J.: 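Sharing a structure below in structure tokens format, with a few things to ask.
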Amino acid sequence: MAEWRRTCYAGEVSTSQTGEKIGLMGWVQRRRDHGGLIFIDLRDREGLVQLVFNPETDSAVHEKAHNLRSEFVIAVKGVVQKRPEGTVNPDLKTGEVEVAVTEIIVLNDSAPLPFMIEDDTDVAEMTRLKYRYLDLRRAPLQRKLMLRHKVAMATRNYLTRNGFLEIETPVLTKSTPEGARDYLVPSRLNPGAFYALPQSPQLFKQILMISGFDRYFQIVKCFRDEDLRADRQPEFTQIDAEMSFVDREDVISVMEGLVVEIFKESGVVLAPPFARLTYAEAVGRFGVDNPDTRFALELVDLTALLSGSGFKVFADAASKKGVIKAICVKGGATFSRKDLDDLTEIAVSFGAKGLAWVKVTEEGWQSPIAKFLSDAEKEGTAKALGAVTGDLILFAADKPSVANTVLGRLRTNIGGRLDLIPKDRLNFVWVTDFPSFDYDDAEKRYVAVHHPFTAPMDEDLAYLDTDPLKVRAKAYDLVLNGSEIGGGSIRIHRSDVQAKVFEKLGIAKEEAEERFGFLLEALKYGTPPHGGIAFGLDRIMAIMTGSESIRDCIAFPKTQKATDVMSDAPSPVDQKQLDEIFIRVAKKA
RNA sequence: GGGGCCGUAGUUAAGUCGGUUAUAACGCUGGCCUGUCAAGCCAGAGGGCGCGGGUUCGAGUCCCGUCGGCCCCGCCA
């Protein structure tokens, strides 16, 4: 191989090299064999260039080209030449040139492929995942992973420039009771004891602040043993950061700078500050805490107007501390019976008992509930919603959490259905002032909305004892186009407050001691005020690259059952291995 | 745990009311071919329909179960 040296990438051969002798190595993308002339598209990670084999120039080399097949790995030497008049390929970056090959060796052949390596593919995803190494040869995936690398570099550069230190934290950590289900790792040296893979490096980064590192970051794998979604893998990557001596605004402004740098890599220029919504505003206007603000279709509260309505569902909801809310779908009066049935099904799946609708027509309100409403109520509703002839009004009357969720989901569905969402927009919004606690009806206790280390807002501290649900947290999420791409908070830096929050969460003193004792102890020794954030790198990449699923931005993703169909993980292990770690496998129920 | 959609040559799909030998395109193999770039033309090989039962004279087609993939609910501090 000594004299076989690659002098440039195939995708980077240009007219400036005309006449030069170059060396290329790569894969045979395609062979066009004219019997006489043979054309080979040679591919490497930077692109394609056309090789020409002319039997009149060199019959021996031409003969070798005859046997080339798709995905053979070859090395060639040849002379760059401009293509003859009329044979330039404008669709190819290197389309003005070609390489007249003078020498070739086949470095490796290839078995026939299970699918073709081309940009657009309709091959089943499972097949692509089984042969992921072939799938990853496709240019779109190469581009996405290259961009991911650039984003990681931009992150490291920006944070380093701003005084952050990249510090690694353990992967074998202590299981914590709150939050997602842990991935457990048995300890051979401590029979019966288990490590957990980190759901995030949360406690370690806080402790690094206590240690005085002041500004920390890490691009780090996190693990949550929960069911998968298009935007959720059980192992995923966070850009994790933490800062000392800061408040919310410090974190937000530094991190907006990071987001600007990240998106610059995809050629997008962002102009912070980003929009802000409080949690209450987000839920009130959009029904969800991760609003897609690229389109309106906002929720309107009609509780005051309709609480005395003759429609029992409305009146009942209002009398039980519920709300009556609605959205107005412009032009929605054309929705068919089936459309409305679909929407009703969605509403029911999110907890509604039904879906009241009104079509505003020339003849007035066409609706199953029109007869229950007075003219004043109808007029007031239309006015509040800005509803005119041709519109469709959808109501939800229930406790606030249900009414908001139902309308929020309907809003998103209809936004997609009516193509109301401008595809090329990037709408960032910080959602702030989350509640600290939520009440879990099933478990009959308060649970942390963010996590148990999130500081309550100072002015709400008094409610900690009297009305925990009123306590707001110094927490913030960054939402992009309806997708939560980051979240963080200012942390509790006093052990007494931390102990009190654990108490509110129903975590007994002994349990808190057992699970987080090291943190409570650490908080006693001069903990600086601190806070931070973590961004979901996979989600950011998916949105940036217009991918339907984060799987397209992960080199080796898992299937929905959390398996890897290429390597066949997870898999059974030898009894000997189990014996060593004192594990006995129970029979499946 | 639940709901929905989907499994037919290597790949993507078609397959009517259950009925001769399961179609096509691309890919693959061979041949022809000197300016193609999804090269072209000709010929050929290749599957028994995810798997297991059942109904039937007869099952990709109907029924039951099961495995797998995707989307969603729950779950994801």
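The sequence lines fix the lettering, A, B, ..., with proteins before strands; numbering per chain opens at 1. Fair warning: this is a prediction, and the values are worked out from it, not measured in the lab.
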J.: Mark this stacking check for A:His34 against B:G35 as yes or no, applying ring centres under 5.5 Å and ring planes under 30°.
T.: no
J.: Just to be sure I understand the rule, does A:Glu125 reach a base, reach only the sugar-phosphate, or reach nothing, if contact means heavy atoms closer than 4.0 Å?
T.: sugar-phosphate
J.: If we take the C1' atom in both B:A45 and B:A9, what is their distance in whole Å?
T.: 11 Å
J.: Near RNA chain B, counting only heavy atoms under 4.0 Å, which residues of residues 226-233 of chain A show up?
T.: A:Glu226, A:Asp227, A:Arg229, A:Ala230, A:Arg232
J.: Using ring pair (Phe, Tyr, Trp, His ring centres under 6.0 Å) as the criterion, list what pairs up with A:Tyr446, not counting sequence neighbours.
T.: A:Tyr439
J.: How far, in whole Å, is B:G65 from B:U23 if one measures between their P atoms?
T.: 33 Å
J.: Regarding A:Ser200, tell me which of base, sugar-phosphate or nothing describes its non-hydrogen contacts under 4.0 Å with the strands shown.
T.: base
J.: Taking the same atom, C1', in B:U55 and in B:A14, what whole-Å distance lies between them?
T.: 27 Å
J.: Donor-acceptor check, side chain of A:Arg69 to backbone of A:Arg31, threshold 3.5 angstrom: yes or no?
T.: no
J.: Centre of A:Phe236's six-membered ring, under 6.0 Å away, within 45 degrees of the axis: is that where NZ or CZ of A:Arg539 sits?
T.: no
J.: So which atom in A:Pro198 and which in A:Val171 form the shortest heavy-atom distance, rounded to 0.1 Å?
T.: CD-O, 3.0 Å
J.: Indicate yes or no: at least one non-hydrogen side-chain atom of A:Ile485 is less than 4.5 angstrom from one of A:Ile543.
T.: yes
J.: Take the angle between the ring planes of A:Phe453 and A:His451 and call it parallel below 30°, perpendicular above 60°, tilted in between.
T.: tilted
J.: Is the phosphate of B:C71 approached by A:Gln560 (side-chain N or O, under 4.0 Å from OP1 or OP2)?
T.: yes
J.: In whole angstrom, what separates A:Lys558's NZ from B:C70's P?
T.: 13 Å
J.: Rounded to the nearest angstrom, tell me the gap between atom CD in A:Glu71 and atom P in B:G27.
T.: 14 Å
J.: If you assign each of A:Ser349 and A:Phe39 to its closest nucleotide in RNA chain B, which residue comes earlier from the 5' end?
T.: A:Phe39
J.: Give none if B:U55 has no partner; otherwise give the nucleotide forming a Watson-Crick or G-U wobble pair with it, both distances under 3.5 Å.
T.: none
J.: Determine, step by step, whether A:Asp341 and A:Lys338 satisfy the salt bridge (charged side-chain N to carboxylate O under 4.0 Å, His left out) criterion, reporting the C-alpha distance in whole Å, the side-chain angles of both residues, the deciding distance to 0.1 Å, and the verdict.
T.: CA-CA 5 Å; A:Asp341 285 347; A:Lys338 185 181 178 306; over 6 Å; no
J.: Could you tell me whether A:Val565 contacts a base, only the sugar-phosphate backbone, or nothing, with contacts defined as non-hydrogen atoms closer than 4.0 Å?
T.: nothing
J.: Considering every strand and a 4.0 Å limit on heavy-atom distances, what is the contact class for A:Arg551: base, sugar-phosphate, or nothing?
T.: sugar-phosphate
J.: Expressed in angstrom and rounded to an integer, what is the separation of A:Glu118 atom CD from B:C26 atom C1'?
T.: 9 Å
J.: Given atom CD of A:Glu235 and atom P of B:C76, what is their separation to the nearest angstrom?
T.: 20 Å
J.: Using the C1' atom as the point on both nucleotides, what is the distance between B:C5 and B:G44, in whole Å?
T.: 38 Å
J.: Using the C1' atom as the point on both nucleotides, what is the distance between B:C28 and B:C67, in whole Å?
T.: 30 Å
J.: Using heavy atoms to find the nearest nucleotide of RNA chain B for A:Ala448 and A:Gly35 separately, return the residue whose nucleotide is more 5′.
T.: A:Gly35
J.: Quick one: A:Arg30 CZ to B:C26 P, roughly how many Å, whole number?
T.: 13 Å
J.: Expressed in whole Å, how much space separates the C1' atoms belonging to B:C51 and B:G4?
T.: 23 Å
J.: Check whether any side-chain N or O of A:Glu226 sits under 3.5 Å from a backbone N or O of A:Arg181 as a donor-acceptor pair, and report yes or no.
T.: yes
J.: Does anything in residues 78-94 of chain A reach RNA chain B, meaning a heavy atom under 4.0 Å, and if so which residues?
T.: A:Arg83, A:Pro84, A:Thr87, A:Val88, A:Asn89
J.: Pick base, sugar-phosphate or nothing for A:Phe453, based on heavy-atom distances below 4.0 Å to the nucleic acid.
T.: nothing
J.: For A:His493, check ring pair (Phe, Tyr, Trp, His ring centres under 6.0 Å) against everything at least two apart and list the hits.
T.: none
J.: Give the C-alpha distance, both sets of side-chain angles, the deciding distance and a yes or no for salt bridge (charged side-chain N to carboxylate O under 4.0 Å, His left out) between A:Glu235 and A:Arg224.
T.: CA-CA 7 Å; A:Glu235 60 174 312; A:Arg224 294 178 190 176; over 6 Å; no
J.: On the nucleotide B:U36, are OP1 or OP2 found under 4.0 Å from the side-chain N or O atoms that A:Arg32 carries?
T.: no
J.: Please report the distance separating the C1' of B:G7 from the corresponding atom of B:G35, rounded so that it comes out in whole Å.
T.: 44 Å
J.: Restricting both atoms to N or O, compile the protein contacts to nucleotides 7-11 of chain B shorter than 3.5 Å, with distance only.
T.:
{"from": "B:G10", "atom 1": "O2'", "to": "A:Pro114", "atom 2": "O", "distance (Å)": "2.7"}
{"from": "B:U11", "atom 1": "O4'", "to": "A:Pro114", "atom 2": "O", "distance (Å)": "3.3"}

J.: For B:G69, does either OP1 or OP2 sit under 4.0 Å from a side-chain N or O belonging to A:Lys561?
T.: no
J.: Which atom pair, heavy atoms only, marks the closest approach of A:Arg491 to A:Ile533?
T.: NH2-N, 3.7 Å
J.: Can you name the residues that form a salt bridge (Lys or Arg N to Asp or Glu O under 4.0 Å) with A:Lys144, not counting sequence neighbours?
T.: A:Asp552
J.: Who pairs with A:Tyr463 by ring pair (Phe, Tyr, Trp, His ring centres under 6.0 Å), at least two apart in sequence or on another chain?
T.: none
J.: Which residues in residues 530-543 of chain A have at least one heavy atom lying under 4.0 Å from any atom of RNA chain B?
T.: none
J.: Quick one: does any side-chain atom of A:Gln142 pair with a main-chain N or O of A:Leu136 as donor and acceptor, under 3.5 Å?
T.: yes
J.: Hey, does the side chain of A:Gln17 reach the backbone of A:Ser14 with a donor-acceptor pair shorter than 3.5 angstrom?
T.: yes
J.: Closest approach to the side chain of A:Gln50, judged atom by atom: which nucleotide of B:G69, B:C33, B:C37 is it?
T.: B:C37
J.: Check the distance between B:C76's C1' and A:Gln238's CD and give it to me in whole angstrom.
T.: 12 Å
J.: Identify, with sequence neighbours excluded, every residue that meets ring pair (Phe, Tyr, Trp, His ring centres under 6.0 Å) alongside A:Phe39.
T.: A:His34
J.: Provide, to the nearest angstrom, the distance between the CG atom belonging to A:Asp225 and the C1' atom belonging to B:C76.
T.: 11 Å
J.: State, yes or no, whether a side-chain contact exists between A:Leu197 and A:Asp182 at a heavy-atom distance under 4.5 Å.
T.: no
J.: What residues form a side-chain hydrogen bond (donor to acceptor under 3.5 Å, both in side chains) with A:Ser571, not counting sequence neighbours?
T.: none
J.: Taking any heavy-atom pair under 4.0 Å as a contact, classify A:Arg409: base, sugar-phosphate, or nothing.
T.: sugar-phosphate
J.: Quickly work out the A:Asn67 CG to B:G30 C1' distance and round it to whole Å.
T.: 13 Å
J.: Should A:Arg69 be listed as having a side-chain N or O under 4.0 Å from OP1 or OP2 of B:U29?
T.: yes
J.: What form does the base of B:G27 take, syn (within 90° of 0) or anti?
T.: anti
J.: Counting primed atoms plus P, OP1 and OP2 as sugar-phosphate and everything else as base, spell out the protein contacts along nucleotides 46-51 of chain B at 4.0 Å heavy-atom distance: B, S or - for each nucleotide, 5' to 3'.
T.: ------
J.: Table please: side-chain donor-acceptor pairs of residues 477-484 of chain A below 3.5 Å, with sequence neighbours left out.
T.:
{"from": "A:Asn481", "atom 1": "OD1", "to": "A:Asn427", "atom 2": "N", "distance (Å)": "2.8"}
{"from": "A:Asn481", "atom 1": "ND2", "to": "A:Arg425", "atom 2": "O", "distance (Å)": "3.0"}

